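The structure appears below as structure tokens.
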Protein chains: 2
Amino acid sequence: MKWQETSEIPCSVARTLSVIGDRWTLLVIRNAFLGMQRYEQFHANLGVTRHVLADRLGRLVEADILEKVLYQQRPPRYEYRLTEKGRDLHPILMMLTAWGDKWMAQEHGAPLLFKHTACGHVFTPKLACSECAEEVLVSDVSPMIGPGMGKQKHA
Amino acid sequence: MKWQETSEIPCSVARTLSVIGDRWTLLVIRNAFLGMQRYEQFHANLGVTRHVLADRLGRLVEADILEKVLYQQRPPRYEYRLTEKGRDLHPILMMLTAWGDKWMAQEHGAPLLFKHTACGHVFTPKLACSECAEEVLVSDVSPMIGPGMGKQKHA
DNA sequence: ATAGTAAGTTCTAATTTAGAACTGGGCAAG
DNA sequence: CTTGCCCAGTTCTAAATTAGAACTTACTAT
């Protein structure tokens with residue numbers, strides 16, 4: 001099965017991964033959340049080859065996760081900004097970070113801390129229920145077949 | 001830069017992705033959350049080649065995300081179960097699913113719904129603050145340099 | 001005139017993946 | 001008692017992707 005074919009699978013995880021399921025893609029997005037916008041910044045910061053970086057930025061633009069914005073004429077130069085769809089990846093990034101902090105710990109602790117400006121505290125992200133606002137644990141969730149589960153290849 | 005080298009980067013996202021930052025790896029984990037445990041189940045359900053599946057299962061065992069449990073002697077057969085470290089990936093999977101449901105919508109809606117058994121409602125996962133329990137939006141988070149940010153290659 | 005900057009593109013060699021066939025231990029049916 | 005089936009891989013070749021370095025184009029600054 002090829003890269004793009006997974007976007008056809010009736011599974012939201014597969015469909016999400018068809019767009020961001022790549023090491024470099026997610027690192028580009030992470031850096032975009034930290035404020036990076038330009039090709040050379042991404043290149044200097046990530047250990048990715050120029051070829052792959054150009055490819056990934058292109059895919060992200062095509063997927064409407066980043067948008068190219070002209071910041072200079074002569075010669076035309078564009079920077080990459082997160083779209084609303086891209087900014088909506090924030091919870092995923094926060095959860096990836098939290099898992100890494102907990103399970104892939106570094107010598108001296110987390111490289112980055114996050115402050116919740118609304119309450120002023122450094123925090124750890126939790127998964128909460130949209131209906132009762134309580135924390136949701138694995139054992140509290142039961143999956144049910146939804147309306148989109150058609151002729152599935154997947155359980 | 002090669003696959004495994006990213007695990008050295010002082011960034012929790014990079015370190016997390018060094019373990020699960022692969023299309024097939026995350027799909028294997030998703031299926032493990034839905035109850036799959038055996039090689040042939042994963043193979044039948046995912047469109048992955050046998051070679052890659054064996055490789056990814058091996059890596060996940062080595063990363064202590066899955067564990068091999070003998071379920072039959074003669075010939076010895078093992079099944080793969082999520083460890084605590086693996087079950088801790090649940091929030092990531094829930095967030096990936098939620099993003100896919102919202103932005104990669106299928107014709108008839110979400111293929112899977114999730115019920116929060118504690119309150120009884122079908123829900124959407126939200127990111128909440130560990131300190132004040134309120135929902136956390138992108139604009140409410142400010143990253144700060146943490147203790148683990150040493151001789152960084154990354155901002 | 002020379003150097004530098006930004007955002008790529010091009011090239012070759014190495015690595016990874018796809019897809020299909022094969023292995024090997026043991027089972028069950030005819 | 002032999003043919004076929006199950007499971008969990010391994011092996012094979014061809015195709016695709018990636019790494020790493022050099023090159024390009026259109027400017028600006030010294």
Side-chain angles (χ1 to χ4, degrees), chain A residues 1-9 14 17-28 31-32 35-62 66-81 153 155, chain B residues 1-9 14 17-28 31-32 35-62 66-81 153 155:
Chain A
M1 191 182 271
K2 309 254 179 71
W3 239 107
Q4 206 209 4
E5 293 175 45
T6 48
S7 65
E8 302 304 320
I9 297 172
L17 294 178
S18 76
V19 180
I20 61 162
D22 172 275
R23 198 159 60 119
W24 296 119
T25 301
L26 271 164
L27 288 176
V28 165
N31 283 23
M36 274 182 210
Q37 301 188 308
R38 298 188 189 173
Y39 187 96
E40 292 300 331
Q41 290 181 297
F42 289 112
H43 178 64
N45 192 269
L46 301 170
V48 65
T49 62
R50 305 183 72 79
H51 183 87
V52 171
L53 176 58
D55 177 78
R56 296 300 186 275
L57 287 170
R59 282 176 199 269
L60 286 170
V61 169
E62 204 164 330
L66 296 178
E67 59 183 340
K68 275 173 106 149
V69 179
L70 192 75
Y71 71 87
Q72 157 188 307
Q73 266 92 357
R74 289 190 323 284
R77 290 282 184 259
Y78 298 87
E79 57 190 17
Y80 296 91
R81 294 194 197 157
K153 296 178 191 171
Chain B
M1 190 182 272
K2 309 254 179 71
W3 239 109
Q4 205 210 5
E5 292 176 45
T6 48
S7 65
E8 302 303 319
I9 298 172
L17 295 177
S18 75
V19 180
I20 60 162
D22 172 275
R23 200 158 58 117
W24 296 119
T25 301
L26 271 164
L27 289 176
V28 165
N31 283 22
M36 274 183 210
Q37 300 189 308
R38 299 187 189 174
Y39 186 97
E40 292 300 331
Q41 291 181 296
F42 289 112
H43 178 64
N45 191 269
L46 301 169
V48 66
T49 62
R50 304 182 72 79
H51 183 88
V52 170
L53 176 58
D55 178 78
R56 296 300 186 275
L57 287 170
R59 282 176 199 269
L60 285 170
V61 169
E62 204 164 330
L66 296 179
E67 58 184 339
K68 275 174 107 147
V69 178
L70 192 74
Y71 72 87
Q72 158 188 305
Q73 267 92 358
R74 290 187 323 284
R77 290 282 184 260
Y78 297 88
E79 56 190 18
Y80 297 90
R81 293 193 198 158
K153 296 177 190 170

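What you see is a predicted model; the values in this text were computed from it and never measured. Below, chains carry the letters A, B, ... as their sequence lines are ordered, and counting in each starts from 1.
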Would you kindly give the [atom1]-to-[atom2] distance between [X] and [N], to the nearest whole Å?
{"X": "B:Arg23", "N": "D:dA16", "atom1": "CZ", "atom2": "C1'", "value": "12 Å"}
{"X": "A:Glu40", "N": "D:dA26", "atom1": "CD", "atom2": "C1'", "value": "14 Å"}
{"X": "A:Arg59", "N": "D:dT18", "atom1": "CZ", "atom2": "P", "value": "7 Å"}
{"X": "A:Trp24", "N": "D:dG20", "atom1": "CH2", "atom2": "C1'", "value": "13 Å"}

Which part of the nucleic acid, if any, lies within reach of B:Phe42 when heavy atoms closer than 4.0 Å are counted: base, sugar-phosphate only, or nothing? nothing

With heavy atoms under 4.0 Å as the rule, sort A:His51 into base, sugar-phosphate or nothing. base

Out of curiosity, [X] [atom1] to [Y] [atom2], how far, rounded to the nearest 0.5 Å?
{"X": "A:Thr25", "Y": "B:Arg23", "atom1": "OG1", "atom2": "CZ", "value": "11.5 Å"}
{"X": "A:Asn45", "Y": "A:Arg38", "atom1": "CG", "atom2": "CZ", "value": "15.0 Å"}
{"X": "A:Glu40", "Y": "A:Arg50", "atom1": "CD", "atom2": "CZ", "value": "4.5 Å"}

Can you tell which of C:dG25, D:dT10, C:dG8 lies closest to the side chain of B:Arg77? C:dG25

Report the nucleotide, chosen from C:dA7, C:dG8, C:dA21, that has the shortest atom-to-atom distance to any side-chain atom of B:Arg50. C:dA21

Check this one for me: any side-chain N or O of A:Tyr80 less than 4.0 Å away from OP1 or OP2 of C:dG8? yes

